[in-house]
Visitor: 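The structure's right below; bear with me while I get my questions together.
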Amino acid sequence: MARVAGDVLTPRSLGFFCKVLLTTGAWLGGLGGSVLASEQLVSEPIVSVADVAEDAAASRSAEAVTSPTTDLLPTIDLAQVTSVNELDDVLPTDWAYTALTRLVEEYGCLEGYPDGTFRGNRAMTRYEFAAGLNACLDVIISLTGGLEDSDLETVQRLQEDFAAELASIRSRIDALEADVVTLEDTQFSTTTKLRGRVFSNLTGVTASGDVQAEGINVFAPARDALGDPLVRTITDDPEVTFSYLTWLNLLTSFTGEDRLILQLAVGDAVAAANDFASAGLFNTFGTPFTAQQGGRLEDDVIIREAFYSFPLGDKVFVTAGPKVNWYRHFDNNKYTFLVTGANSFNSSGGTQVNAVDRGAGVVVEWDVFDKVELSLGYLAEATEFLPNSSSSDSSRGLFGGTNTLTAQLEVFPTDDLALRFLYNRTELEANASGFVGGAASEPLYGFADDGFGGPLDGATADTFLVNFDWQPADWLGLFGRYSYGSTNLSAITPGRPDGEVNAQSLQLGLAFHDFLKEGSLATISYLRPFDVTDGRDFLISGGGDGAVQEEIEFSYRYPVTNNFAIVPSVYWIGNANNFGDNPDIYVFNLQTQFSF
């Protein structure tokens, strides 16, 4: 079908032709009392009989511009189909899918090509238009028993009576088609959506006295001349800081059930509380999760996540990629999600359960029963803030560096109670100095050597965790975690035995729904992030003087709008760095959240 615009012959697609046929049939069928249903056309663009006539006239007038011999495409045999599903290139998301389905399956007046395609976006010849129109008109006439002259007069009268409305509809359809063309030409993608969050943090930290911390600084541990962990003293409070973090998510789906996720991150924060931390405790106590740079460098855009997820049947979901986020799949808790609930590094997830935040590998999630889910995952370290990820290094690869194997059983005894039982088996790689520890060393906090200042060949660790959240009332929630981890250290120096460090952690909390405003959430969380029960002699940092660090954290998320929230938080830290005589530390943070 073609429409003349000036001296230019503009072809119509087969998809548009289907809408014309179906609308024409609805008009004529309605007059003859036939079974041609038109209720589905209410929400669809309307093309009138007058429009068909106009297009036909326009096609005739175009003969002076384009002759039949030059317009005519090579003849291709068509194949009868009985279901639109037989057409491989017709999808439910196509704008003319409903029209095609009815014309093929209800009226049987459209055909496909022998290769099983419809080619709905290809321009058609007038011969093809005439053949399709004739076939469908035959069906209409057979269903209505033919049209009397009075019926045709009624059609003509209706066209005249509603000429202005039909002209308006045609104009709107033309404008809509032009807008669609513009959108198709300028849109970013037909399959990808952009989502994002922007956080800002106004942070102040103060201590009620001088703070002891192990190590030369927060990254470098050392032993003194006597072989004891080197201890430094911090006398000054850090300055008030104002920082940001942005996550941009590109979410793509090809089937509607799968998803390809690419997350970009950029920020400029180094949390002020890190000034008080022992070596290896960077971004632990008193640190809002979103007070970070995103990567290793300030204002440096990095890829934080890159993975593809897809279903296998009805009960299994698989995620694989070079940067899979471990926390999307394991150790979740409705009251410790960093955006809406408890929001520090220590309270938003278990402190001992995983050495690999983002890694290369695969996670399989299986809905075993109605209220039982099993998740299994293997990830090799690919964390964005480490200088050299092991998974992409040919000398270490997927199995030679730091990696973790995780199994989690999640049970929902009731709609308001969730229980999670998790096990981690971790291979820990020693750093260039022969120490095990730092950002990718859980269940170990701090740094460890062979107990005499000598290097390690690495370590293996086993960690067990129980995690729960329970909402006994509409306004009240309870949550908590307990974990126990054992780290086995492999000494390099001949004659020195291997070592072992055992530790546990605890979190208990209360949550208050709709506090002061509907949709808000207030949380209070008590923490013991790293309680060393055995092997403190192997710790160059993190062991302190044998005391146990404690924290109480309060956060309150107040949603101003659907896309903007304010989150004030207050953290109290006692026995910081596991030193019993360290003063109390207080952290005050005001966060804003923008989402789009």
Side-chain angles (χ1 to χ4, degrees), residues 195-207 211 213 215 217-220 234 236-249 263-305 323 325 327 336-349 351 357-358 383-387 438-440 445 525 527 529 551 553-557 564-573 576-577 585-596:
R195 297 287 185 268
R197 294 185 187 274
V198 180
F199 305 91
S200 68
N201 290 282
L202 180 64
T203 310
V205 183
T206 184
V211 176
N217 54 47
V218 72
F219 299 110
I234 299 95
D236 297 325
D237 290 342
E239 298 293 334
V240 174
T241 61
F242 190 37
S243 61
Y244 83 97
L245 174 68
T246 298
W247 289 335
L248 296 177
N249 297 297
Q263 184 182 82
L264 307 179
V266 60
D268 67 349
V270 176
N274 286 316
D275 288 8
F276 294 126
S278 289
L281 301 186
F282 183 80
N283 274 352
T284 58
F285 69 87
T287 306
F289 190 96
T290 57
Q292 56 169 292
Q293 293 178 163
R296 295 183 59 221
L297 302 176
E298 180 179 337
D299 297 324
D300 189 25
V301 179
I302 57 95
I303 295 178
R304 185 172 183 265
E305 298 182 40
K323 285 186 175 291
N325 190 342
Y327 294 98
T336 64
F337 178 46
L338 63 95
V339 176
T340 58
N343 59 11
S344 78
F345 270 93
N346 280 355
S347 63
S348 61
T351 56
D357 297 332
R358 260 70 60 195
T383 304
E384 63 278 0
F385 48 79
L386 296 181
Y445 256 36
S525 180
L527 294 154
E551 304 172 29
E553 301 183 358
F554 169 80
S555 295
Y556 175 55
R557 185 177 189 272
F564 175 61
I566 299 174
V567 187
S569 301
V570 179
Y571 310 150
W572 166 85
I573 300 99
N577 301 317
I585 298 175
Y586 302 92
V587 179
F588 305 91
N589 190 73
L590 180 62
Q591 180 184 106
T592 60
Q593 302 175 355
F594 293 90
S595 61
F596 56 89

Visitor: Give a yes-or-no answer on whether the side chains of N201 and T290 include a donor-acceptor pair shorter than 3.5 Å.
Guide: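 Looking only at side-chain atoms, T290 and N201 do form a donor-acceptor pair, the distance falling under 3.5 Å.
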Visitor: For S595, give me all partners under side chain to side chain donor-acceptor pair (under 3.5 Å), at least two apart in sequence or on another chain.
Guide: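 Per chain and number, S595 pairs via side chain to side chain donor-acceptor pair (under 3.5 Å) with no residue.
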Visitor: Please round to the nearest 0.5 Å and tell me the distance separating atom CG of L338 and atom CD of Q593.
Guide: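 Reported value, rounded in 0.5 Å steps: 8.5 Å.
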Visitor: Among all residues two or more places apart in sequence or in another chain, which pass the side chain to side chain contact (heavy atoms under 4.5 Å, CB included) test with D357?
Guide: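 Applying side chain to side chain contact (heavy atoms under 4.5 Å, CB included) to D357 gives Y327, T383, F385.
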Visitor: Should I303 and L264 be marked as a side-chain contact (heavy atoms from CB on, under 4.5 Å) after you check the CA-CA gap, both sets of side-chain angles, and the distance that decides it?
Guide: CA-CA 5 Å; I303 295 178; L264 307 179; 3.7 Å; yes
Visitor: Scan residues 286-304 for pairs that pass salt bridge (Lys or Arg N to Asp or Glu O under 4.0 Å), counting only residues two or more places apart or in two chains.
Guide: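 Matches after skipping sequence neighbours: R304-E384.
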Visitor: Can you sort out the partners of S243 under side chain to side chain donor-acceptor pair (under 3.5 Å), two or more places apart, ordered by chain and number?
Guide: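 For S243, no residue satisfies side chain to side chain donor-acceptor pair (under 3.5 Å) once neighbours in sequence are set aside.
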Visitor: Show, in sequence, the C-alpha distance, side-chain angles and deciding distance for N343 and S348, and conclude whether the side chain to side chain donor-acceptor pair (under 3.5 Å) test is met.
Guide: CA-CA 5 Å; N343 59 11; S348 61; over 6 Å; no
Visitor: Ignoring hydrogens, what is the shortest heavy-atom contact between L386 and A440? Give both atom names and the distance.
Guide: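 Between these two residues, the closest heavy atoms are CD1-CB, 3.9 Å.
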Visitor: The criterion is ring pair (Phe, Tyr, Trp, His ring centres under 6.0 Å); which residues satisfy it with F219, sequence neighbours excluded?
Guide: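 Listed in chain order: F282.
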Visitor: Can you list everything that forms a salt bridge (Lys or Arg N to Asp or Glu O under 4.0 Å) with E305? Sequence neighbours excluded, please.
Guide: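 If we apply the salt bridge (Lys or Arg N to Asp or Glu O under 4.0 Å) test to E305, skipping adjacent residues, the hits are R328.
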Visitor: Could you pull out the closest heavy-atom pair between A272 and V205, with the gap in Å?
Guide: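 Heavy atoms only, the tightest pair is CB-CG2, 3.7 Å.
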Visitor: Could you list the residues that satisfy side chain to side chain contact (heavy atoms under 4.5 Å, CB included) with T246, not counting sequence neighbours?
Guide: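 T246 satisfies side chain to side chain contact (heavy atoms under 4.5 Å, CB included) with V198, Y244, L248, V266 once adjacent residues are dropped.
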Visitor: Apply side chain to side chain contact (heavy atoms under 4.5 Å, CB included) to V570 and list each qualifying residue two or more places apart in sequence or on a separate chain.
Guide: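 Applying side chain to side chain contact (heavy atoms under 4.5 Å, CB included) to V570 gives F588.
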Visitor: Just checking, any donor-acceptor pair under 3.5 angstrom between side chains of S347 and T336?
Guide: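 Per modelled atom types, S347 and T336 side chains form no pair under 3.5 Å.
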Visitor: Give me the atom names and distance for the closest heavy-atom approach of A273 to V587.
Guide: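 Residues A273 and V587, closest heavy atoms: CB-CG2, 4.3 Å.
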Visitor: Could you tell me whether the side chain of N283 reaches within less than 4.5 Å of the side chain of N274, counting heavy atoms only?
Guide: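 Yes, their side chains come closer than 4.5 Å.
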Visitor: Heavy-atom distance under 4.5 Å between the side chains of R197 and N249, does that happen here?
Guide: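 No, every pair of side-chain atoms sits at 4.5 Å or beyond.
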Visitor: Does the side chain of P288 reach to within under 4.5 Å of the side chain of Y571, using non-hydrogen atoms?
Guide: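 In contact.
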Visitor: Could you pull out all residues at least two apart from F276 that satisfy ring pair (Phe, Tyr, Trp, His ring centres under 6.0 Å)?
Guide: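 F276: no ring pair (Phe, Tyr, Trp, His ring centres under 6.0 Å) contacts found.
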Visitor: Which heavy atom of G294 sits nearest a heavy atom of A265, and at what distance?
Guide: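 It is CA-CB, 4.3 Å.
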Visitor: Measuring from I585:CD1 to T206:OG1, what's the distance to the nearest 0.5 Å?
Guide: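 That separation rounds to 9.0 Å.
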Visitor: Once rounded to the nearest 0.5 Å, what's the spacing between atom CZ of F554 and atom OG of S569?
Guide: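 Separation between the atoms: 8.0 Å.
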Visitor: For T284, check side chain to side chain donor-acceptor pair (under 3.5 Å) against everything at least two apart and list the hits.
Guide: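 For T284 there are no side chain to side chain donor-acceptor pair (under 3.5 Å) partners, ignoring immediate neighbours.
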Visitor: Under the criterion side-chain contact (heavy atoms from CB on, under 4.5 Å), I'd like the reasoning laid out for F199 against W247: C-alpha separation, chi angles, the key distance, then a yes or no.
Guide: CA-CA 9 Å; F199 305 91; W247 289 335; 3.9 Å; yes
Visitor: How long is the span from the CG atom in D268 to the CG atom in L297, to the nearest 0.5 Å?
Guide: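 If I round to the nearest 0.5 Å, the distance is 12.5 Å.
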Visitor: Taking side chain to side chain contact (heavy atoms under 4.5 Å, CB included) as the definition, give me every residue that meets it alongside T351, ordered by chain and number, with sequence neighbours left out.
Guide: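 Counting only residues at least two positions away or on another chain, T351 forms a side chain to side chain contact (heavy atoms under 4.5 Å, CB included) with N346, Y445, S505, P529.
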Visitor: Could you pull out the closest heavy-atom pair between S278 and N577, with the gap in Å?
Guide: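 Between these two residues, the closest heavy atoms are N-OD1, 3.1 Å.
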Visitor: Who passes ring pair (Phe, Tyr, Trp, His ring centres under 6.0 Å) against F564, sequence neighbours left out?
Guide: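 Ring pair (Phe, Tyr, Trp, His ring centres under 6.0 Å) check on F564 returns F594.
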Visitor: To the nearest 0.5 angstrom, please state how far the CZ atom of F345 sits from the CZ atom of F289.
Guide: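 Rounded to the nearest 0.5 Å, the CZ-CZ separation comes to 5.0 Å.
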Visitor: Show the nearest heavy-atom pair for residues A213 and I234, with the distance to one decimal.
Guide: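 That would be CB-CD1, 3.7 Å.
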